Amino acid sequence: MSEHKDFLRTIVEEDLKAGKYKEVVTRFPPEPNGFPHIGHAKSICINFGIAKDYDGHCNLRMDDTNPTTEDTRYVEALKDAVQWLGFEWDDSVRFTSDYFAQIHAYAIELIKMGKAYVDSVDEEQMRELRGTVTEAGKRSKYAQRSVEENLDLFERMKNGEFKDGEHVLRAKIDMGAANMKLRDPLLYRIRHAHHFRAGDTWCIYPMYDFAHCLSDYIEGVSHSICTLEFENNRDIYNWVLDTLGLEAPRPYQHEFARLGINYTVMSKRKLLELVEAGVVSGWDDPRLPTIAGYKRRGYTPESIINFCDGIGIAKANSMVDVAQLEFTIRDDLNTKVARVMCVLDPLKVTITNYDESEDIEASFYPHDVPKEGTRKLPFSKEIYIDRADFSETPEKGYFRLTPTQAVRLKYAYIITFEEAIKDADGNIVEIKAAYHPDSKSGEDTSGIKVKSAIQWVEAKMAKNVEVRVYDRLFKSEAPEGVEDINPDSLKVIKTALIEPAVITDKPDVRFQFEREGYFYADPVDYTDENPVFNKIVGLKESSSKKKKAPQVAPKAEPKKEQIDGEVVAMSESEQALFDKYTVELKLGSMVADILARDEKLSSFYAEALSSLNSPVSIANIVSNDVARELKEKEVNELSFDAKQIAELVKMVDEELISSKIVKQVFEEMVKSGDNPTDIVEAKGLVQISDPAVIAPIIDEIIEKNPDNVEKFRGGNTKLLGFFVGQVLKATGGKANPKMVNELVAKALNA
RNA sequence: UGGGGUAUCGCCAAGCGGUAAGGCACUAGUUUUUGGUACUGGUAUUCGGGGGUUCGAAUCCCUCUACCCCAUCCA
């Protein structure tokens, strides 16, 4: 677990500490209506990860409440994904459909409580009655049905006496709720459909909002973690469990931001479109962000998990750069995988002065990968190199073979250019070169300096392989649909040549093709006759090698000006108050504004003022600290009163306590409702303003932090705050901060 | 438009009143028979804007702005 916990783990820890739950139970609850993608992987990592970190467990639950879209094919894909990532679910796979009977019983209970009713308006009417975001909705006339009638109707719904859409069961909550989700949400609808699991036993199915919270409760889930778009649903979640009076411990819902990655799409709908339109070869197309796609492409589970860990968990909508994903797979494979030579775009090279043949022993791993293993590389007069590794007219900074620049054949000899053979169109079809017999790798005495060592294969022994070079599926960073498809997202190279050992010995399934990237033997199409490799990801290229600098960043716009909206005007009485505050009491206009506009605040202020004539100080504390408390409370709910605030301010005015301590005392007042004077006395919070007491503490701090002293004296004046903070901490906040500031500054500058 | 959220480097993301973490990307250098890797350095005088409180504010208060979610018998 990383040092910095995400907010979910923070919540879990607090709950555990408070003894809210005996055990952490989470769940990964996908709907089996599509293939899981990397966004699901994030959720899997969060849910299974948290369970693992806190010795709890995580259920895999198929949220199968909609028989018309779900299929067992998808549950298999979902199970695969979790397993492939290396997580284990508790017990067997759960299904919401397993709880249909219990959920149904809860529905009846709700009806009996008068908290649910059968509604019989059609869809269109229902939409109208729901109102809009700004207007309250109206309840349908059916909401008045008696419990008996509701019970009867609901029973008949269950028995299949009605057609789809004829009736629904609704929770009776509030048609005027500002949260639209709370306007009598649907609990059950009629669906005469075959359920892939429950078969035909049901013709009513619970809605997500009803089934999910109850399923969580039934499974003993403690932390129900979902994505941000369910924030509004949280109120129903709580309503159902609370209204049913389900006993603690019960689950609570927490939301995090779903994953977005640029140059791809993540919604099930868009993914399905691509698959159905045949733009990709299927759900496991290596260009897709599906788990099946990444798996087929050659990504490792570790890399996906590292990626999910790396991006963190928060509540801000975000779009992660694919480069971050690519980093994790390179990083993972770098230390694991054998390096072999494959020439993607072969150019024949004849070594004019070499006539024998030999086998060269070469390590599978570079010096910095602590793994063992070698293979034999055949070498002879005729070899192939990559077309890109020769240039007749090299640009500045080109490191490979040119008419005037020798290059090393990796693990073998250095060669120098002799002649380029061209066809009628002027295309180079062959290079003639000379090798240097004394330059053999490991026993080089030639003294020739080369800038690069390139991959090659021996012509006769090389195996022909198919290489599928994948690039991002979309050309735009935030693709909308098929129109944004990158036409070059797949290049099939049928004529690549690979060193024989890879095919004959099959040392592994994943390789680094030297200087090209990481590749994976396609698990589906690879055969001995037609070996197929998928490009997982290219090697990182330093900018100097990159052909055209894709310099995008068109330097920042000149900082867009922000136009402030208009502030609501004050009413007449508020204005009068404001004037009084600013003119008579000499308050700052901001503070006066806050007070004048808030009736609770202004009357609280007036009351405090009546017991202590210190208008500015009181105004400050009322407009800041008291205002915070009054945000969600009424005056009579406060644990303290205006008189006590006046008392507190008095102590500040008399310099009995420092402004820092005020915060502390105030917190205490909020918590306990005790008198400020008593708090100060009980905790001994009286301000220390004696330099004789403070000075030695400062000396000590200075002595303990020589580095920072040096930095400070070197010009980092921000560090003054650090020292002041340290001194204040050492005195429990009691030292007079103004004095500390002065003394520290003096001491530091001494 | 009512309600619910979110804003910290190009992209993620810590931070919860006392020195603006870290990763990716970028960049300079060292090592290197991969233009890879590894290593070393450089990258936010400032936290969406403006005010206020405080000795001290990314953190507390006020206000404005931008973006996301909610009016499926989807989940």
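From a predicted model like this one, the values you see are computed outputs, not experimental measurements. We name chains A, B, ... by the order of the sequence lines, and we start the count at 1 in each one.
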Practice item. Would you kindly give the CG-to-C1' distance between Asp321(A) and C11(B), to the nearest whole Å? Key: 5 Å
Point to revise | Minimum-distance nucleotide (side-chain atoms of Met180(A) versus G18(B), C70(B), G5(B)) | key: C70(B)
**Study point:** Rounded distance in Å between the P positions of G36(B) and G29(B)
**Key:** 13 Å
Review point. How close or far is atom P of G23(B) from atom CG of Asp6(A), stated in whole angstroms?
Key: 19 Å
Review point. Can Thr328(A) and Asn306(A) be counted as having a side-chain donor-acceptor contact under 3.5 angstrom?
Key: no
Point to revise | Asp216(A) and Arg61(A) ion-paired at < 4.0 Å | key: yes
Study note, to complete from the structure: Note: for Val168(A) and Met319(A) on RNA chain B, the residue whose nearest nucleotide lies more 5' is Met319(A)
Check your understanding: So, does the side chain of Gln324(A) form a donor-acceptor pair with the base of G23(B) at under 3.5 Å?
Key -> yes
Practice item. Would you indicate, yes or no, if U54(B) has its OP1 or OP2 atom less than 4.0 angstrom from a side-chain nitrogen or oxygen of Asn620(A)? Key: yes
Check your understanding: If you measure from the C1' atom in U59(B) to the same atom in G18(B), how many Å do you get, rounded?
Key -> 11 Å
Check your understanding: Given atom CG of Leu182(A) and atom P of A71(B), what is their separation to the nearest angstrom?
Key -> 13 Å
Study note, to complete from the structure: Per the glycosidic torsion and the 90° limit around 0, nucleotide U72(B) is syn
Check your understanding: Under the 3.5 Å rule, do the base of G48(B) and the side chain of Gln562(A) count as making a donor-acceptor pair?
Key -> yes
Check your understanding: Would you say a side-chain N or O of Arg127(A) is under 4.0 Å from OP1 or OP2 of U72(B)?
Key -> yes
Check your understanding: Do the side chain of Asp235(A) and the base of G4(B) come within less than 3.5 angstrom through a donor-acceptor pair of N or O atoms?
Key -> no
Point to revise | Heavy-atom neighbours of Glu443(A) CD exceed 12 at 6.0 Å | key: yes
Point to revise | Shortest non-hydrogen separation from Gln512(A) to Val337(A) and the atoms involved | key: N-CG1, 3.1 Å
Review point. For the base of G35(B), is there a side-chain donor-acceptor partner from Arg400(A) under 3.5 Å away?
Key: yes
**Study point:** Options G36(B), A71(B), A75(B), nucleotide nearest the side-chain atoms of Arg189(A)
**Key:** A75(B)
Check your understanding: Between C9(B) and C24(B), how far is it from one C1' atom to the other, in whole Å?
Key -> 12 Å
Review point. Is the phosphate of U33(B), meaning OP1 or OP2, less than 4.0 Å from a side-chain N or O of Ser441(A)?
Key: no
Point to revise | Among A71(B), U53(B), U34(B), the nucleotide that comes nearest once only the side chain of Val133(A) is considered | key: A71(B)
Review point. Can you tell me if the side-chain N/O atoms of Arg170(A) get under 4.0 Å from OP1 or OP2 in C73(B)?
Key: no
Practice item. Rounded off to whole Å, could you give me the CD1-to-C1' distance for the Ile414(A) and U33(B) pair? Key: 9 Å
Point to revise | Inter-nucleotide C1' distance (A7(B), A14(B)), Å rounded | key: 15 Å
Exercise for review: Assess whether one donor atom and one acceptor atom, taken from the side chain of Asn179(A) and the base of G2(B), lie less than 3.5 Å apart.
Suggested key: no
Check your understanding: So, is Arg258(A) close to the U6(B) phosphate, meaning a side-chain N or O under 4.0 Å from OP1 or OP2?
Key -> no
Exercise for review: Just call it for Thr65(A): base, sugar-phosphate, or nothing, with non-hydrogen atoms closer than 4.0 Å on any strand.
Suggested key: sugar-phosphate
Review point. Hey, does the side chain of Lys315(A) come within less than 4.0 Å of C68(B)'s phosphate (OP1/OP2), counting only N and O?
Key: no
Review point. Expressed as a whole number of Å, how far does the C1' atom of C16(B) sit from that of A28(B)?
Key: 37 Å
Review point. What nucleic acid atoms does Val626(A) come within less than 4.0 Å of, heavy atoms only: base, sugar-phosphate, or nothing?
Key: nothing
Point to revise | Atom-to-atom span, CG of Leu186(A) to C1' of A75(B) - whole angstrom | key: 14 Å
**Study point:** Salt-bridge present (Asp389(A), Arg515(A); N to O < 4.0 Å)
**Key:** yes
Review point. Nearest nucleotide by nearest heavy atom, which residue falls closer to the 5' end of RNA chain B, Lys268(A) or Asp593(A)?
Key: Asp593(A)
Point to revise | Listed nucleotide nearest any side-chain atom of Asn232(A), set A20(B), A13(B), G4(B) | key: G4(B)
Point to revise | Under-3.5 Å donor-acceptor pair between Gln512(A) side chain and U34(B) base | key: yes
Exercise for review: Can you tell me the pairing partner of U40(B) across any strand shown, Watson-Crick or G-U wobble, with both distances under 3.5 angstrom?
Suggested key: A28(B)
Exercise for review: Confirm from the modelled atom types if Lys738(A) and U54(B) form a donor-acceptor pair under 3.5 Å, side chain to base only.
Suggested key: no
Review point. What distance, rounded to whole Å, do you find between the two C1' atoms, one in A75(B) and one in G56(B)?
Key: 49 Å
Practice item. Mind calculating the distance between CG (Asp63(A)) and C1' (C74(B)) to the nearest angstrom? Key: 11 Å
**Study point:** Atom-to-atom span, CG of Asp368(A) to P of C39(B) - whole angstrom
**Key:** 11 Å
Check your understanding: Reckon Arg515(A) has a side-chain N or O less than 4.0 Å from the OP1 or OP2 of G35(B)?
Key -> yes
Review point. Do Tyr581(A) and Tyr605(A) make the cut of ring centroids closer than 6.0 angstrom?
Key: yes
Review point. With no angle test and no hydrogens, is the base of U33(B) tied to the side chain of Arg408(A) by a donor-acceptor pair under 3.5 Å?
Key: yes
**Study point:** Electrostatic pair Lys440(A):Asp444(A) at N-O distance under 4.0 angstrom
**Key:** no
Practice item. Measure from the side-chain heavy atoms of Arg130(A) and tell me the nearest of U72(B), A38(B), U6(B). Key: U72(B)
Point to revise | Ala316(A) side-chain proximity, nearest of C70(B), A13(B), G36(B) | key: A13(B)
Check your understanding: For the side chain of Lys660(A) and the base of G18(B), is some donor closer than 3.5 Å to an acceptor across the two?
Key -> yes
Review point. How far does the C1' atom of G5(B) sit from the matching atom of G42(B), given to the nearest Å?
Key: 37 Å
Exercise for review: Determine whether the side chains of Arg408(A) and Ser452(A) contain a donor N or O and an acceptor N or O closer than 3.5 Å.
Suggested key: no
Review point. OP1 or OP2 of A75(B) sitting under 4.0 Å from any side-chain N/O of Arg269(A)?
Key: no
Practice item. Establish, with yes or no, whether the OP1 or OP2 oxygen of C62(B) is under 4.0 angstrom from a side-chain nitrogen or oxygen of Lys631(A). Key: yes
Exercise for review: For Val118(A) and Glu166(A), run side chain to side chain contact (heavy atoms under 4.5 Å, CB included): C-alpha distance rounded to whole Å, both residues' side-chain angles, the deciding distance at 0.1 Å, then the answer.
Suggested key: CA-CA 10 Å; Val118(A) 172; Glu166(A) 240 175 294; over 6 Å; no
Practice item. Write down the distance between CG (Asp174(A)) and P (G4(B)), rounded to a whole number of angstrom. Key: 14 Å
Review point. Is it the case that Tyr263(A) and Asp321(A) place a side-chain donor and acceptor less than 3.5 Å from each other?
Key: no
Check your understanding: With rounding to whole Å, what would you report as the distance between A58(B) and C47(B) at their P atoms?
Key -> 7 Å
Check your understanding: Can a side chain N or O of Ser659(A) be found less than 4.0 Å away from OP1 or OP2 on U53(B)?
Key -> no
Check your understanding: Quick one: does Asp564(A) reach the base of G49(B) with a side-chain donor-acceptor pair under 3.5 Å?
Key -> yes
Practice item. Go ahead and name the base partner of A66(B); Watson-Crick or wobble counts if both distances stay under 3.5 Å, otherwise write none. Key: U6(B)
Review point. Between the base of G56(B) and the side chain of Asn741(A), is there any donor-acceptor pair under 3.5 Å?
Key: no
